[in-house]
Protein chains: 2
Amino acid sequence: MERITASYYIETPFDPEDAAKVLAGEQSSGTFVSVPGETEELKERFAAKVESVELLETVAQPAIPGATDRGRGFQRANVKVSWSIENTGYNIPVLISTLQGNLYEITQFTGLRLMDIQLPASFGKHYKGPAFGVNGCRELTSVTDRPLIGTIIKPSIGLTPEDTASLAGTLATAGIDFIKDDELLSSSANSPFESRVDAIMNVINRHADKTGKKVMYAFNITGEIDEMLRRYEKIVNAGGTCAMLSVNSIGYPGVKKICDQRALAIHAHRNGWGMLTRHPLLGIEFKAYQQFWRLAGVDQLHVNGIQNKFWETDDSVVNSIKACQQQLFDHKTILPVVSSGQWGGQAFETWRRTQTTDLLYMAGGGIMAHPMGPQAGVVALQQAWQAATDGLTLQQAATQYKEFAKAVEKFGTKN
Amino acid sequence: MERITASYYIETPFDPEDAAKVLAGEQSSGTFVSVPGETEELKERFAAKVESVELLETVAQPAIPGATDRGRGFQRANVKVSWSIENTGYNIPVLISTLQGNLYEITQFTGLRLMDIQLPASFGKHYKGPAFGVNGCRELTSVTDRPLIGTIIKPSIGLTPEDTASLAGTLATAGIDFIKDDELLSSSANSPFESRVDAIMNVINRHADKTGKKVMYAFNITGEIDEMLRRYEKIVNAGGTCAMLSVNSIGYPGVKKICDQRALAIHAHRNGWGMLTRHPLLGIEFKAYQQFWRLAGVDQLHVNGIQNKFWETDDSVVNSIKACQQQLFDHKTILPVVSSGQWGGQAFETWRRTQTTDLLYMAGGGIMAHPMGPQAGVVALQQAWQAATDGLTLQQAATQYKEFAKAVEKFGTKN
């Protein structure tokens, strides 16, 4: 029988072997006393198994405050636990309850983080994965051999549909590949969703008729189920190619329901992710997290960016990009969405460390606030990536390309 | 114009006033540089406002490791921020992205926790809240003047539908009010959902025909959207009165879609909650969290229990019960689900500290592993609550009631 394996990084004031057994018990047959009906045969078939416990360092203070030292300090360990596929079948929400449910409540742990998941082969058949993936998004935007260059409409909230459409027109003319709503905007008082789609798609369709290139616009349809379906349909009818979902605010079943329509590329925004991952001994690692969304069928997933404006380290960002690049069953791979404080200067380090151009490379202020205007902002990003993949340094690129040089002048001082 | 206010508990190595402004900027108009189109009028209408900053203690080590001390230590503060209802309208997922989105990523914070939310009055009209609430659940189970007594089927996973139905019959005969599936079980290899509903409802309906009392059974329908709707319908058709949802594994839109059917009481399980709340300077406080689920329309929500087997303190549990008791608009109030390591001994302290019997009081092993069998387990819990509300102590109750005395013998040593 196939098994699902999860890897945890834990910390405990108890014996780690015992703590791992409590986890396995709690997340399968578990209760705090033996009960009638709990036979050995039943345990064998449905009980979670501790596959391995690898002891790590011991620390004096618990990662999560409040626990009592039991005279042995707080020991860290890598723990692997497995479950039979017979427990949950193909039910991701119940699998989430199994792998990330009550185990975070267990007294035995002063820190617990889900690091990775190995799903059995039959999941690859049951779930279709992304409808478009990297190649599908490239086809929709007519972009080959370089990252898709994208931007976020800023200010995040407050522009009218006409303002936004006008900006989209400028960006389209400048050669942008992708534009998105901010995650804070879905339907605001002065930018109702339907009017925004009409205004923007009018501009994008006209540009596509003229040039043969259709800019991908990710309209933020995040909302209730029926509302999301209606808005999805609206985008399809208007000739759009992409919908954006704030996946943490929606949850797996809602995201899956939308992805299942398979007519639009799905841009998955991971806002709220910091809460789930920022403490090193709590929550989830991206490597585990991204698998659920790929099974749901998203085509693009946020990974933050090198030298970003947020808390995340470059190492963590690089690992996330690599996780997206990894094959998951025979499903299409997805586009990592590189964003946050990006302006082109980071293209060199991003290329050096990932050696891929299968990225959606986003800049907000980096494009919109370029000294020579948004058009030059787009050009500067394309130049940065051309230079990076040609093996130039940032300084060499600034000598060679005028628009990029201006970007370095304005944004380069911090880096 | 109505405003939505959120209270945060923060920690920062910077000036807290400045950090709060970064939060407000990031979560409304925000980008890292000024951009064309960001007028003063637009800012006034859509910008989030810092309403107050109350300085608290300064600590030497950051709550979340990794930040650099900037020579002033790490200052904690209570911060209130407000947003116009014009930003999001009645869209809870986008509101979640606004109140709990990228702000957890901000470098300025070495700790950030959403403590409470004040939603404007019009939310109370737009959302209907619970279809049943406390009184509706009491009517469905014919229970007045005491907590509903419930149990979880254990072992969590592995019993056949026939085993489970037989157990349900025993418990019904013993006078139980409520039974639930474990959150790890929805449809397992040896307990397919439909067969389980048929077998159990057959027993429960027969018992109801005979006695006039219908035991409420919370079938775990957690899954994908269409699957949940099908399973909901199955319960309705079989004469059931309740469906269970693992709300964190499903997310708001999925939960709302199910609650909107308004034919079954909704039992909301919060497994995964530890991940969101266990660190005191990260995630969400229950007081804020529960409001979203009440707006979605759940009727019962888990709050852990006094002297529980998990990490949570009694104070935190009491605060959660009080949060559920508080009126939210003119909606029905919900039943706090008290569970985890409960056996009746905690009835006394629970009553002393909350002075309410509007509870769903759950015991798993505490009933099923009672030395005189599950029937005596139910009776012992009823006795405990009778004694507690009569003003008896645990010791007095043990003298007066035989079944409760046996429970004290078996489970009481730890407390």
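What you see is a predicted model, and the numbers here were worked out from it, not measured in a lab. Excluded from the calculations below are hydrogen atoms, water molecules and symmetry mates; all remaining heavy atoms, backbone and side chain alike, are included. So that the names make sense, note that chain A is the first sequence line, chain B the second, and so on, each numbered from 1.
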>> Run the salt bridge (charged side-chain N to carboxylate O under 4.0 Å, His left out) test against A/Arg270 and tell me which residues pass, sequence neighbours left out.
In response: A/Glu312
Out of [options], return the one with the most heavy atom pairs under 4.5 angstrom to chain B.
{"options": "A/Gly274, A/Gly251, A/Pro93", "answer": "A/Pro93"}
{"options": "A/Lys257, A/Met228, A/His269", "answer": "A/Lys257"}
{"options": "A/Gly89, A/Gly254, A/Gly272, A/Ser249", "answer": "A/Ser249"}
{"options": "A/Ile157, A/Ile96, A/Ile92, A/Thr98", "answer": "A/Ile157"}
{"options": "A/Ile64, A/Ile250, A/Ile106", "answer": "A/Ile250"}

> Got B/Ser156 and A/Ser28 here, is their nearest side-chain heavy-atom distance under 4.5 Å?
Replying inline: no
>> Does any part of the side chain of A/Asn102, heavy atoms only, come nearer than 4.5 Å to the side chain of B/Glu183, both counted from C-beta?
In response: yes
At a heavy-atom separation under 4.5 Å, does [X] approach chain B through its side chain, its backbone, both, or neither?
{"X": "A/Ser97", "answer": "both"}
{"X": "A/Asp226", "answer": "side chain"}
{"X": "A/Leu276", "answer": "side chain"}
{"X": "A/Arg45", "answer": "side chain"}
{"X": "A/Ala67", "answer": "neither"}
{"X": "A/Trp83", "answer": "neither"}
{"X": "A/Asn304", "answer": "side chain"}

Portion of [X] that has a non-hydrogen atom of chain A nearer than 4.5 angstrom:
{"X": "B/Asp260", "value": "side chain"}
{"X": "B/Ser187", "value": "backbone"}
{"X": "B/Ala47", "value": "neither"}
{"X": "B/Asn91", "value": "side chain"}

> Between the side chains of A/Ser188 and B/Asn87, does any donor sit under 3.5 Å from an acceptor?
Replying inline: no
> Will you find, in the side chains of A/Asn190 and B/Glu86, an N or O donor that is under 3.5 Å from an N or O acceptor?
Replying inline: no
Rounded at 0.5 Å granularity, tell me how far [atom1] in [X] sits from [atom2] in [Y].
{"X": "B/Gln108", "Y": "A/Trp311", "atom1": "CD", "atom2": "CH2", "result": "15.0 Å"}
{"X": "B/Leu282", "Y": "A/His279", "atom1": "CG", "atom2": "NE2", "result": "7.5 Å"}
{"X": "A/Tyr90", "Y": "B/Glu227", "atom1": "OH", "atom2": "CD", "result": "13.0 Å"}

>> Please enumerate all residues that pass side chain to side chain donor-acceptor pair (under 3.5 Å) together with B/Thr277, with sequence neighbours excluded.
In response: B/Arg113
